Amino acid sequence: MSIKPARTRVAPSPTGHMHLATARVALYDYLLARKTGGQFILRIEDTDVSRTVPGAEQEIMDGLRWLELNYDEGPDVGGAFGPYRQTDRREIYHVHVNTLVDKGHAYPCFCTPARLEAVRQEQQKRKENPHYDGTCRLLSPDEAARRIASGEKYIIRFKMPREGTTIAKDHLRGEILTENKQLNDQVLLKSDGLPTYHLAAMVDDHEMGITHVLRGSEWLGTFPLHVNIVRAFGWEEPVWVHLSVFLKPSGKGKLSKRDSTLAMTDGYSVFIKDMNELGFTPEGVNNWIALMGWGVADEDVLSVDEMVDRFSIDGLTPSPAAINFQKLDHFNATHIRLFTTEDLAARIKPYFTREGLRVDDNVLLRIVPLLRERLVTLDDCLSFGSFFFKEDVSPNPEDLVAKGLDATQSAAIAQRAFEILSGQPAISHEQCEPPLRAYVEESGLNANQVFGILRVATTGQKVSPPLFESMEIIGREKCLARIKNAIELLKKM
RNA sequence: GCCCCCAUCGUCUAGUGGCCCAGGACGAAGCCCUCUCAAGGCUUAAACCGGGAUUCGAAUUCCCGUGGGGGCACCA
């Protein structure tokens, strides 16, 4: 039962860092478009000039690319329905808002911000809902034209029907009924000549042929307004899908920037730009956000391509979802284990070089299988594998002392191990483990004690990838030198 | 204050009137494996917000509460 190709769009405002919620809308947009053979579009909603942040638009584009949610049309890739930046579309909005005025669905308003504020305060004092009092709605077209001609500043408001009920249909929630008297004569065109979201988004979605509007549920409040605008134009409505909001991990309240600052200190972030630095993968992040608001019946570890196969807007859930960073860890780690050796090597290399380590690519390729199932985030490669790229290690002498033994005993064990290993032509997993195991047997020690000393001696750390595989990669010379050094350290204790 | 939305284990969710004394995943606990740490395997605890109604039968439909969330700008 194939469906018509969907045209979807993600339409963020370049007002700050790209957020998890934006990424999720983009993901679902992308999935729907790919699933139906349609197009996924990026549109920049920059009509609030005062809030536009330099670089934010670039961050959005970088973020989408990092997530591998490549858009078919957008500011930097073009397309047949451009421009894709709203400040470049001023004239289009003017044309459309004029037709609305001509049709009697909108009107010029000359009220000053000061007067509006006074009205608002008066209404609040009387415990009424704050709303525009409709003064300019009563102006005759002639008078309005006269005042415009005389140079008076004005805006355009939507003429909301006063009677009746608006029925708006959300795909996940069904029909939402709102009494029109609850609705306000919202501003469509601001005094700076730029449209508000209400006008711009409706015009663009129509002009760009958007078939499905996926957006956050914070838009539910203005949803009736939006369908009224679309209907006033006489346009066909898209399928409206209002997604659930993301809540703080506690479940108390919507996610905010403050939470991100807090989370960063724990190695997490709600900003896409931070994800790479923190060692998260696009696969992990996509999988994580996909499943907050979408119930997939069978499998939950999915690539984006697998998501495309399974995706349907019918499976989306309307209830708010508390984000859970432990799940991000889980999905990230799970995807890392799925990467090929070459792929994972390429992905972790930057984390080593970032620390100033010189990475030997052959060594890198050999350690990846050892690291793979130990990594939760990519930067975990540092704590597990930095020593592979260091000339020397500097173990903490106390860590060299085996459990239940003292320094002298430990030194003796290290000495014996040194002799066994130096008797081998090469230090390989196959050659070293049997004689060392035999030594454990005959000495009456346990493997933990003997191998523990060697681990700290050769890797410099108490926790490491498997010992023999690690020693093999470190190499005979370095291993022996490091053990020798450990013996010295133990003797000095 | 007014309007709107939502409501299944701690969290994300499956469930569209009988298949559910509610399934999966994360997390937690325990066991196995084991050279550390992981990974893996097995097991356990853990939920239908409350009350009415409809029905032979309700997690699933309806109503009322309650709780949570969002919105009430010349911001998006």
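In what follows, chains are A, B, ... by sequence order, proteins preceding strands, each numbered from 1. Computed from a prediction, not measured in an experiment: that's the story for all the values here.
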At under 4.0 Å between heavy atoms, what does [X] touch on the DNA or RNA strands: base, sugar-phosphate, or nothing?
X	result
A:Trp219	base
A:Thr317	sugar-phosphate
A:Cys432	nothing

Who does [N] pair with, Watson-Crick or G-U, both distances under 3.5 Å?
N	value
B:rC42	B:rG30
B:rU16	none
B:rU66	B:rA7

Any [X] side-chain nitrogen or oxygen under 4.0 Å from OP1 or OP2 of [N]:
X	N	value
A:Arg437	B:rC35	yes
A:Thr47	B:rA76	yes
A:Arg374	B:rU36	no
A:Lys181	B:rC72	no
A:Lys248	B:rG69	no

**Message:** Output the rounded distance in Å from CZ (A:Arg126) to P (B:rG1).
**Reply:**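 Result: 20 Å.
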**Message:** Would you say the rings of A:Tyr197 and A:His226 are close, in the sense that their centroids are separated by under 6.0 Å?
**Reply:**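 Between A:Tyr197 and A:His226, which both carry aromatic rings, the centre distance is below 6.0 Å.
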